[in-house]
Amino acid sequence: SCEAFANCTSLTSVHIPASVVNLCNPFIDCTALTDITVTEDNPAFSSVDGVLYDKDKTVLLTCPAAKTTVRVPSTVTRIGYGDIGRGFYGCAALTSVELPASLKTIDWQGFYGCSSLTSITLPEGMAEIGTSAFAFCMSLTSITLPEGLMSIGDICFRNCSSLTTVHIPASLTGLNGSAFTGCSSLTSFTVATDNPSLSSVDGVLYNKDKTALVACPQGKTSVNIPSSVTSISYDAFRDCALLTTIDLPDALTTIGSYAFDGCTSLASIDLPDGLTSINYYAFHGCASLSEIAIPASVTRIDQDAFKGC
């Protein structure tokens, strides 16, 4: 059954016989586990240095939670595979991992909770990083997303509270601000100059022509938005709890849903003449905001736009 040995916190080693050909995250939260071995004639699984792989070593299925260093074989193209194994999930002792050039995908929760990992080099040519892949990697200080990367999942870097900078390659043309929710030390996004869809100014992420503000790092305390911006996107400043000052441009017409949700230190904001739309939950949870003047130009204020203020 799934998670058969979950939370066996004194378990240090496991041997898998030839007869076992199906697994469903059996060793999750086995915090003392350092070694998984597999009988050589097992038709489905194999192991290298105590780490569990599929038979041909193209998928890293499970790293024992107590491992401190891992060198992933050059044959591996994927880390984690759904319910069979979540890669490095919960490897709180992991301090160093060497990834091969062959790697293409880090699956859902592939490095979730690797709280001792301070840095990681992702190989160029990677295509996909899944939902919550690096969530709660609370010692990770910076990350360069590699050229070739085309998508990262929602809340991918959730609560990476030591993360200060993120570089976005030319190949990554779309990004949801929720990917970095809870990154309270993050102050800067940088973007490859040849990215066709995204750009950055003073560490804040915009679309290419700087008409839409896409995401603000949650460690920012003040932001001066360029005069070209006409819209603030969904989630753009969500949970920017340190934000105290923001200058909105005269060209601004739309404030998206949840745009300033959870900006608990924002005590005042001047909405420009010309603003027309304030969408759902736009200022939800802005507990320090005591008053706001609505310009005559506003024709739409959605439900709960100021709930919790």
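For the atom pair CD of Q303 and CG of N279, the computed distance is 12.5 Å after rounding to the nearest 0.5 Å.
L172 and L198 get closest at one heavy-atom pair: O-CD1, 3.6 Å. In terms of heavy atoms, T31 sits closest to A66 at O-CB, 3.5 Å. Counting all heavy atoms, side chain and backbone alike, A32 lies closest to T9 at CB-O, 3.2 Å. Across every non-hydrogen atom of N224 and Y206, the tightest pair is O-OH, 4.4 Å.
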Item to check | salt bridge (Lys or Arg N to Asp or Glu O under 4.0 Å) between D107 and R78, intermediate numbers included | outcome: CA-CA 7 Å; D107 203 12; R78 185 184 187 100; 3.5 Å; yes
Checklist entry - Would L242 and S265 satisfy side chain to side chain contact (heavy atoms under 4.5 Å, CB included), going step by step from the backbone distance to the final call? => result CA-CA 6 Å; L242 302 178; S265 298; 5.5 Å; no
Checklist entry - Please walk me through it: do D35 and T12 pass side chain to side chain contact (heavy atoms under 4.5 Å, CB included)? => result CA-CA 7 Å; D35 193 46; T12 60; over 6 Å; no
Next on the checklist: What verdict does the side chain to side chain contact (heavy atoms under 4.5 Å, CB included) test give for L248 and L271, after you've listed the backbone C-alpha separation in whole Å, the side-chain angles of each residue and the deciding distance to 0.1 Å?
Outcome noted: CA-CA 7 Å; L248 302 180; L271 303 180; 3.9 Å; yes
Checklist entry - Please walk me through it: do T105 and E128 pass side chain to side chain contact (heavy atoms under 4.5 Å, CB included)? => result CA-CA 5 Å; T105 301; E128 179 184 9; 3.9 Å; yes
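Counted within 6.0 Å of CZ on F136, heavy atoms from surrounding residues, nucleotides or ligands total more than 12; the atom is thus considered enclosed. With a 6.0 Å radius and a threshold of 12 heavy atoms from other residues, nucleotides or ligands, D194 has its CG atom above the threshold. Atom CG of D56 has more than 12 neighbouring heavy atoms from other residues, nucleotides or ligands inside a 6.0 Å radius. Around the CG atom of N7, the shell of radius 6.0 Å holds more than 12 heavy atoms that belong to other residues, nucleotides or ligands.
Taking the six-membered ring for Trp, F189 and F180 have ring centres closer than 6.0 Å.
Residues D304 and Y281 bring a donor and an acceptor atom of their side chains to less than 3.5 Å of each other. With 3.5 Å as the limit, one finds a donor-acceptor pair spanning the side chains of T211 and N207. Counted by atom type alone, T39 and D41 present zero donor-acceptor pairs between their side chains at under 3.5 Å. Counted by atom type alone, S199 and N195 present zero donor-acceptor pairs between their side chains at under 3.5 Å.
A heavy-atom distance below 4.5 Å is found between the side chains of T181 and Q218. Side-chain contact between D273 and D250 is absent, with no heavy-atom pair separated by less than 4.5 Å. Annotation: side chain of H15 is not in contact with side chain of V38 (no heavy-atom distance under 4.5 Å). Looking at F306 and I278, their side chains come closer than 4.5 Å, going by heavy atoms from C-beta outward. With a 4.5 Å cut-off on side-chain heavy atoms, K104 and M126 do not count as touching.
Of the candidates L60, I120, V70, L99 forms a side-chain contact (heavy atoms from CB on, under 4.5 Å) with just one, namely I120. Among the candidates F260, F283, Y258, the single residue satisfying the ring-ring contact (aromatic ring centres under 6.0 Å, His included) test with F237 is F260. Remark: of the listed residues F111, Y112, W108, F111 is the sole one forming a ring-ring contact (aromatic ring centres under 6.0 Å, His included) with F134.
The closest donor-acceptor contact from the side chain of D302 to the backbone of A305 lies at 3.5 Å or more, if one exists at all. With hydrogens and angles ignored, the 3.5 Å screen pairs a side-chain donor or acceptor of S139 with a backbone N or O of S115. No side-chain donor-acceptor contact under 3.5 Å links D235 to the backbone of A259. Put simply, the side chain of T69 never gets that close to the backbone of S96: no donor and acceptor are under 3.5 Å apart. Checking side-chain atoms of S171 against main-chain N and O of L149 turns up a donor-acceptor pair under 3.5 Å. Of the possible polar contacts, one joining the T253 side chain to the T230 backbone as a donor-acceptor pair under 3.5 Å is found. Listed for the S233 side chain is a donor-acceptor partner under 3.5 Å among the backbone atoms of L213. Not a single donor-acceptor pair under 3.5 Å links the side chain of R86 to the backbone N or O of F88. Of the possible donor and acceptor atoms, one in the side chain of S102 sits under 3.5 Å from a partner among the backbone N and O of S74. Checking side-chain atoms of T34 against main-chain N and O of K67 turns up no donor-acceptor pair under 3.5 Å.
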Pairs of donor and acceptor atoms involving the side chains of residues 150-169, under 3.5 Å and at least two apart or interchain, shall be tabulated with distances.
residue	atom	partner	partner atom	Å
S162	OG	M138	O	2.6
T164	OG1	T141	O	3.1
H167	ND1	T190	OG1	2.8

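Note: the hydrophobic cluster containing I232 also contains V223 (ILVMFWY, side chain heavy atoms under 4.5 Å, direct or indirect links).
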